[in-house]
Number of protein chains: 2
Amino acid sequence: MPDGVHVFDRLLEIALLIQQDMSRELGPAGLTAARTHLLWEVHHRGPSTQQALAAALQVSPRNVTGLVDAVEKGGFARREPHPTDRRATLVTLTEQGTRAMADMVASRGQIAAHLVSDFDTAQLQRFTADLDAVTARLHELMDDGSPT
Amino acid sequence: MPDGVHVFDRLLEIALLIQQDMSRELGPAGLTAARTHLLWEVHHRGPSTQQALAAALQVSPRNVTGLVDAVEKGGFARREPHPTDRRATLVTLTEQGTRAMADMVASRGQIAAHLVSDFDTAQLQRFTADLDAVTARLHELMDDGSPT
DNA sequence: TATTGTTATACTCTATAACTATA
DNA sequence: TATAGTTATAGAGTATAACAATA
């Protein structure tokens with residue numbers, strides 16, 4: 001007798017496990033979840049202003065200052081002057097930062113493959129579709145509830 | 001062409017959305033994620049020592065002191081003397097705390113039902129089984145990686 | 001001697017508000 | 001006047017280490 005609550009509980013459990021697994025990997029490299037999230041964003045967007053990062057991470061500009069301070073100190077990123085706007089700075093990945101993100105992509109790929117290694121193609125297709133449906137429902141809930 | 005990485009990304013996205021939704025509900029009541037987690041644990045275990053809660057939440061005893069201070073101040077829980085061990089205290093839910101947990105169960109049930117409201121019985125069964133399989137795989141990964 | 005909870009101290013993430021330098 | 005980033009200040013979550021009371 002499966003029901004929605006079971007699904008919800010499982011999703012919560014999975015979320016927790018993924019978080020734990022990721023912090024276990026990042027800790028040694030001197031990275032935290034928040035800092036990694038910032039680097040990840042820079043990795044995908046390319047050199048970005050702190051304002052852009054604040055918007056992308058849905059976090060205050062002040063917070064970004066702190067995170068950039070930390071990853072700069074750790075050698076993962078660098079502040080560079082914006083070529084045309086002298087008020088702004090561009091956050092860029094260093095070689096070390098680029099390497100860290102590449103490692104992360106690789107390790108995430110391994111985990112991802114392992115998660116569904118039992119599934120045949122049809123099953124994976126169905127499961128993916130179901131996850132997409134649940135995600136869409138969640139987005140609906142979020143949009144309904146916070147009309148701002 | 002679905003693959004494991006898509007699944008992984010979706011799971012991350014779902015985790016994020018659920019977190020956001022939950023904090024949106026808890027904020028108004030004066031509760032945070034960490035405090036709610038503690039109350040949730042007390043709700044399920046019954047009156048518990050802080051040591052037991054620290055173990056259950058996988059958090060330091062010192063941390064539990066702070067969280068209990070906060071939920072006690074907020075009127076959600078109470079410290080009571082342990083009947084046989086005078087070193088220990090039992091954390092118990094107040095009426096307000098019990099009500100808050102009941103509300104949470106109800107609201108979580110609504111969300112959960114909505115998430116899979118499109119699914120017919122067979123689909124829900126399959127989806128649940130797939131989620132269980134993924135969860136089992138994640139547990140494997142966690143156990144492998146942290147031999148401690 | 002071991003355990004329970006607390007005080008002391010410190011680090012990270014987060015926020016708002018005020019300020020500086022530029023647009 | 002508005003925007004980019006910083007300083008100032010504050011609160012929450014987390015940790016370790018030292019300590020008191022009790023087992």
Side-chain angles (χ1 to χ4, degrees), chain A residues 16 19-20 22-24 26-42 45 47-74 76-92 148, chain B residues 16 19-20 22-24 26-42 45 47-74 76-92 148:
Chain A
L16 189 67
Q19 259 178 247
Q20 287 179 354
M22 289 182 60
S23 43
R24 201 183 53 192
L26 300 175
L31 284 172
T32 64
R35 293 169 190 177
T36 307
H37 193 176
L38 181 132
L39 294 177
W40 187 251
E41 211 58 45
V42 176
R45 308 166 45 94
S48 311
T49 65
Q50 297 188 188
Q51 284 292 331
L53 291 173
L57 301 176
Q58 294 184 279
V59 113
S60 70
R62 174 60 184 93
N63 198 346
V64 172
T65 298
L67 295 175
V68 173
D69 284 351
V71 292
E72 193 167 37
K73 195 168 166 187
F76 296 97
R78 224 184 357 254
R79 279 183 173 94
E80 294 187 345
H82 190 289
T84 65
D85 187 340
R86 285 193 309 180
R87 294 170 304 178
T89 66
L90 285 179
V91 180
T92 329
T148 303
Chain B
L16 190 67
Q19 258 178 249
Q20 287 179 354
M22 290 182 61
S23 44
R24 201 182 54 193
L26 300 175
L31 283 172
T32 63
R35 293 169 190 177
T36 307
H37 193 177
L38 182 133
L39 294 177
W40 187 252
E41 210 58 44
V42 176
R45 307 167 45 94
S48 311
T49 65
Q50 298 187 186
Q51 285 291 331
L53 291 173
L57 301 176
Q58 295 183 280
V59 113
S60 70
R62 174 61 184 93
N63 198 346
V64 172
T65 298
L67 294 174
V68 172
D69 285 350
V71 292
E72 194 168 37
K73 195 168 166 187
F76 296 96
R78 223 183 0 253
R79 279 183 173 94
E80 294 188 346
H82 191 288
T84 66
D85 187 339
R86 286 193 308 180
R87 294 170 306 180
T89 66
L90 285 179
V91 180
T92 328
T148 303

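For the numbers below, each heavy atom of this structure counts, side chains included, while hydrogens, waters and symmetry mates do not. The chains referred to below are lettered A, B, ... by the order of the sequence lines, with proteins before strands, and numbering in each begins at 1.
To the nearest 0.5 angstrom, B:Gln50 atom CD is 9.5 Å from B:Leu67 atom CG. Between the CE atom in B:Met22 and the OG1 atom in B:Thr32 there is a gap of 11.0 Å [rounded to 0.5 Å]. Here A:Gln19 contributes atom CD and B:Leu16 contributes atom CG; the two are 9.5 Å apart, rounded to the nearest 0.5 Å. Atom OG1 of B:Thr49 sits about 10.0 Å away from atom CZ of B:Arg87, to the nearest 0.5 Å.
The two residues B:Pro47 and B:Thr92 make their nearest non-hydrogen contact at CG-CG2, 3.8 Å. Looking at every heavy atom in both residues, B:Leu31 comes nearest to B:Thr36 through CB-OG1, 3.5 Å. Contact between B:Leu90 and B:Pro83 at its shortest, heavy atoms only, is CD1-CD, 3.9 Å. The minimum heavy-atom distance between A:Arg35 and A:Gly30, with the atom names listed, is NH1-O, 4.2 Å.
Residues from residues 55-66 of chain B that place a heavy atom under 4.0 Å from any atom of DNA chain D, listed by number: B:Val59, B:Ser60, B:Arg62, B:Asn63. Near DNA chain D, meaning a heavy atom under 4.0 Å from it, residues 29-41 of chain B has B:Thr32, B:Ala34, B:Arg35 in order of number.
If you take CG of A:Leu53 and P of C:dT14, they are 13 Å apart, rounded to a whole angstrom. Rounded to whole Å, the distance from CG on A:Leu67 to C1' on C:dC11 is 13 Å. The CD-P distance, from B:Glu80 to C:dG5, rounds to 14 Å in whole Å.
With hydrogens and angles ignored, no donor-acceptor pair closer than 3.5 Å exists between the side chain of A:Arg86 and the base of C:dT22.
Where DNA chain D meets chain B (any atom under 4.0 Å from a heavy atom), the bounding nucleotides read 5' to 3' are D:dA12 to D:dA23.
One finds a side-chain N or O of B:Gln51 lying less than 4.0 angstrom from the OP1 or OP2 phosphate oxygen of C:dT4.
Here the side chains of A:Arg79 and A:Asp69 are in contact, with some heavy-atom distance below 4.5 Å. Residues B:Glu41 and B:Leu38 have side chains not in contact (no heavy-atom distance under 4.5 Å, counting atoms from C-beta outward).
Across all strands shown, A:Ser23 has no heavy atoms under 4.0 Å from either base or sugar-phosphate atoms.
For the pair B:Asp69 and A:Ala70, both in contact range of DNA chain C, the more 5′-proximal nearest nucleotide belongs to B:Asp69.
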